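Inspection log for the structure reproduced underneath, given as C-alpha cells.
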Amino acid sequence: MKLKPLFAASLVALGLVASGQAAAEEKLTVWWVKGFYKAEDEALFAAIKKYEAKHKDVKIDLSQYPIQDMIPKTVSALDSGSPPDVAYADVYDFQVTGKWAFEDKLEDISSIINPMKARFAPNTVETTFLYDDKTKQKAYYAFPIKQQTMHVEYWLDMLTEAGFKESDIPTTWKEYWPFWCEKVQPASRTKTGKRTFGIGQPMGVDSSDSFYSFLTFADAYNVKMVDDNGKLLVDDPKVKAGLVSALTDYTMPYIKGCTPPSATSWKDPDNNVAFHNKTTVMTHNATISIAAKWLDDMNNETLTPEQREEAKKNFNERIRTAGFPTKPDGSKMVYRTAVKTGVIFKEAKNKKRAKEFVEFLMQEENLTPYVEGSLGRWFPVTKAGQASPFWQANEHRKSVFNQYASGTVTFEFTKNYKFTILNNENVWAKAMSRVVTDKIPVDKAVDEMIERIKVVAK
C-alpha cells in the first residue's frame with residue numbers, strides 16, 4: 001500500500017524533470033528546399049542529426065517544400081512577421097536574396113563569414129556581400145552553399161545513328177549551332193523516321209533555364225549590362241549590338257524549326273523531359289541534373305534490373321556533358337555561375353541558434369557531403385570541396401570541374417539587385433517571344449527589352 005504514493009511521487013518527479021527538459025529545449029525553425037534526389041535530402045538530415053547530437057538542448061523543426069513553393073511561402077511568412085530562423089532555396093539568389101538585403105530583411109552574418117572567407121573559391125562568397133538600403137552599407141547577408149553553371153548535354157548514340165562522330169562537332173560558335181540544326185536534325189529524321197529536333201532550346205517565360213541560357217549567349221558576345229557598382233551600361237551601342245546578336249542566335253533554332261514548337265512554353269523540367277524522351281539530340285542545362293537522373297536511376301533499388309542497366313548505359317555511355325563552343329570572337333567561353341544562397345532573417349525568433357547552425361553547416365565536413373549528395377547537380381563553393389575526388393569520378397563531373405577551372409563570371413543581380421525583378425519578369429524570354437511569336441524584328445525586341453531594363457534597374 002505504501003508503494004502507491006511513492007510510485008505516484010516518482011511519476012510526478014519524472015514529469016517535472018521531463019517538463020523541465022522540454023522547457024529547456026530550444027526550437028530552431030529551418031525551411032529548406034526539397035532535394036532532387038534522396039541522397040541530397042539524406043545528407044541534409046545527417047547534418048541536422050549531427051548538429052542536434054552536439055547541441056542536445058536544441059531541436060531543429062525542419063520543413064521542406066518544392067522549389068516552386070519556397071519563395072511564395074517565405075514571402076507570406078515574412079509578411080505575417082513570422083519567418084523561419086534559417087531558410088534556403090535553390091532560386092533565392094535569382095529572385096529574392098539581393099532584394100531582401102536591400103529592404104533590410106536579412107540578418108548581417110559577417111561574423112560567421114569573415115573568419116571562413118579564405119576557404120571559398122573565387123566568385124562565390126563575394127556574391128553574398130550585399131547592400132542594405134537602411135544601413136547604407138554592404139555586409140554578408142547570406143551564406144553560399146553551392147553553385148551552378150551552364151552545360152551542354154547530348155545523346156552520343158543519337159549523334160552516331162545520324163552518321164556523325166564526336167570529332168565532327170564544331171568547336172566554334174558560328175558553326176556549332178547550325179551543325180545540330182542543319183546537319184544532325186535532318187540526318188536523324190532520315191535515319192529514324194522520327195520527328196526529332198537537333199536542339200532543345202528553353203524559351204518559356206516561366207523557365208529560369210531560358211534566362212540562364214540566353215544570358216550565357218549574351219556572355220558569348222561579351223555583353224556587360226552593369227558595371228561593378230551596379231550602374232546600367234545598356235545605353236552603350238556595343239551592349240545593344242551584343243544583345244541583338246545573342247537574341248538572333250538564340251531564336252534562330254526555333255525559327256528554322258530545329259527546336260520543339262512547345263519550347264516557348266517550357267518550364268524548367270521540360271527541356272530535361274524532351275531530352276530524356278529522345279525528342280531532342282542536344283540541350284543546354286544549368287546543372288548536370290540530366291545526366292545525374294540516370295545515375296540516380298541506376299542506383300534505385302525500386303527499379304527493375306533491366307531499367308537499372310539501361311540507366312547505367314545512358315549515364316556511362318550514351319550521354320555526354322560538355323562545355324559551349326568558343327565565343328564568336330574566338331576566345332574561350334567563361335561561364336556565369338549562380339551561387340545558391342541561404343539566409344537568416346532579421347525577424348527570426350532564434351537568431352543566436354540560427355547563426356550557430358549556419359556556422360556548423362558551413363564547416364567542410366558537413367557542407368561537402370551535402371553538396372555531393374546532389375550527385376553532381378551542384379558544384380562546391382569551397383576550394384576543398386572542389387578538390388574532392390568526387391569531381392574526378394566520372395566524365396560528367398570532370399566536365400563540370402573543367403568548366404569551373406576555366407574561371408567564372410557572376411550575374412548582374414549580384415551588383416544590382418533589381419535584376420532579380422527582371423529575371424522574375426523574364427524580360428529575356430519575353431523578347432524571344434516577341435521575335436518568334438509576334439514576328440517583330442530582333443533589334444526592336446532588344447529596344448523594348450532595354451527600355452524595360454532601364455525602367456526597373458535604374
Side-chain angles (χ1 to χ4, degrees), residues 150-204 207 209-210 213-214 216-217 220-221 244-266 269-285 290-291 293-294 310 313-315 317-328 330 333 396 399 429 432-439 441-442 445:
M150 187 59 59
H151 317 285
V152 167
E153 307 280 339
Y154 61 88
W155 285 107
L156 178 59
D157 58 327
M158 291 182 76
L159 183 69
T160 303
E161 189 177 40
F164 296 96
K165 304 184 295 293
E166 285 188 279
S167 58
D168 294 326
I169 302 172
T171 59
T172 51
W173 187 269
K174 291 296 183 184
E175 290 71 35
Y176 183 82
W177 306 103
F179 169 77
W180 299 101
C181 178
E182 296 165 16
K183 292 185 177 180
V184 175
Q185 177 172 303
S188 176
R189 289 183 174 189
T190 299
K191 293 284 174 65
T192 65
K194 296 176 182 175
R195 190 166 173 256
T196 51
F197 293 89
I199 303 170
Q201 196 89 325
M203 302 176 77
S207 164
D209 282 336
S210 60
S213 287
F214 172 75
T216 304
F217 273 58
Y221 282 97
V244 166
S245 295
L247 189 58
T248 299
D249 289 355
Y250 201 90
T251 53
M252 192 57 67
Y254 187 94
I255 291 168
K256 288 189 172 180
C258 295
T259 200
S262 59
T264 53
S265 59
W266 277 356
D270 293 325
N271 66 314
N272 296 43
V273 171
F275 185 87
H276 293 319
N277 292 340
K278 292 197 163 182
T279 304
T280 59
V281 185
M282 179 271 271
T283 192
H284 27 92
N285 203 49
I290 284 175
K293 178 252 194 254
W294 298 106
E310 186 75 3
K313 284 182 179 175
N314 286 342
F315 183 77
E317 301 171 23
R318 296 171 181 154
I319 295 173
R320 291 287 189 267
T321 297
F324 271 52
T326 56
K327 294 180 180 182
M333 194 73 191
H396 300 288
S399 182
M432 297 170 204
S433 179
R434 291 288 280 151
V435 174
V436 303
T437 305
D438 301 335
K439 312 294 186 193
V442 171

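Atoms considered below: every heavy atom in the structure, side chains included; atoms not considered: hydrogens, waters and symmetry mates. None of the values given here were measured: they were computed from a predicted structure.
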Legend entry - Contacts of W177 that satisfy ring-ring contact (aromatic ring centres under 6.0 Å, His included) - sequence neighbours left out: W173, F217, H284, F324
Legend entry - All ring-ring contact (aromatic ring centres under 6.0 Å, His included) counterparts of H396, not counting sequence neighbours: F315
Would you say that [X] contacts [Y] through its side chain, given a criterion of any heavy-atom pair below 4.5 Å between the two side chains?
| X | Y | value |
| --- | --- | --- |
| N285 | H151 | no |
| W180 | P170 | no |
| D157 | E317 | no |
| Y176 | M282 | yes |

Under the side-chain hydrogen bond (donor to acceptor under 3.5 Å, both in side chains) test, residues paired with [X] that sit two or more places apart:
| X | result |
| --- | --- |
| E153 | T321 |
| S433 | none |
| N277 | none |
| D168 | none |

When rounded to the nearest 0.5 angstrom, what distance separates [atom1] in [X] from [atom2] in [Y]?
| X | Y | atom1 | atom2 | value |
| --- | --- | --- | --- | --- |
| W155 | I290 | CH2 | CD1 | 9.5 Å |
| N271 | Q201 | CG | CD | 10.0 Å |
| R318 | W294 | CZ | CH2 | 9.0 Å |

Legend entry - Residues which pass side chain to side chain contact (heavy atoms under 4.5 Å, CB included) with P441, listed by chain and number, not counting sequence neighbours: D443, K444
Inset, instruction - Name all residues meeting the side chain to side chain contact (heavy atoms under 4.5 Å, CB included) criterion together with K174; count only those two or more places apart in sequence or in a different chain, and write none if there are none. - result: Y221, D249
Heavy-atom closest contact ([X] atom, [Y] atom, distance):
| X | Y | answer |
| --- | --- | --- |
| A220 | P328 | O-CD, 3.2 Å |
| G204 | A429 | O-CB, 3.6 Å |
| T172 | P325 | C-CB, 3.8 Å |
| W266 | P260 | CZ2-CG, 3.8 Å |
| Y250 | S210 | OH-O, 3.9 Å |
| P261 | R195 | CG-NH2, 4.0 Å |

Inset, instruction - Decide if atom NZ of K183 counts as having more than 12 heavy atoms of other residues, nucleotides or ligands within a radius under 6.0 Å. - result: no
Inset, instruction - Step by step, work out the side chain to side chain contact (heavy atoms under 4.5 Å, CB included) result for I199 and T280. - result: CA-CA 6 Å; I199 303 170; T280 59; over 6 Å; no
Inset, instruction - Test side chain to side chain contact (heavy atoms under 4.5 Å, CB included) on F275 and I319 and set out the steps. - result: CA-CA 10 Å; F275 185 87; I319 295 173; 4.0 Å; yes
Under the salt bridge (Lys or Arg N to Asp or Glu O under 4.0 Å) test, which residues partner [X], sequence neighbours left out?
| X | result |
| --- | --- |
| K293 | D297 |
| K256 | E182 |
| R434 | D438, E448 |

Inset, instruction - Apply side chain to side chain contact (heavy atoms under 4.5 Å, CB included) to V184 and T196, showing your working. - result: CA-CA 10 Å; V184 175; T196 51; over 6 Å; no
Inset, instruction - Assess whether side chain to side chain contact (heavy atoms under 4.5 Å, CB included) is satisfied between N314 and H276, documenting all intermediate values. - result: CA-CA 10 Å; N314 286 342; H276 293 319; over 6 Å; no
Inset, instruction - Verify, without hydrogens or angle tests, whether T283 (side chain) and N272 (backbone) share a donor-acceptor contact under 3.5 angstrom. - result: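 Here the side-chain-to-backbone pair does not exist.
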Donor-acceptor pairs are to be reported for all side-chain atoms of residues 158-167 against protein atoms at under 3.5 Å, with residues two or more places apart or in another chain.
| from | atom 1 | to | atom 2 | distance (Å) |
| --- | --- | --- | --- | --- |
| T160 | OG1 | L156 | O | 2.9 |
| E166 | OE1 | R320 | NE | 3.4 |
| E166 | OE2 | Y154 | OH | 2.5 |
| E166 | OE2 | R320 | NE | 3.1 |

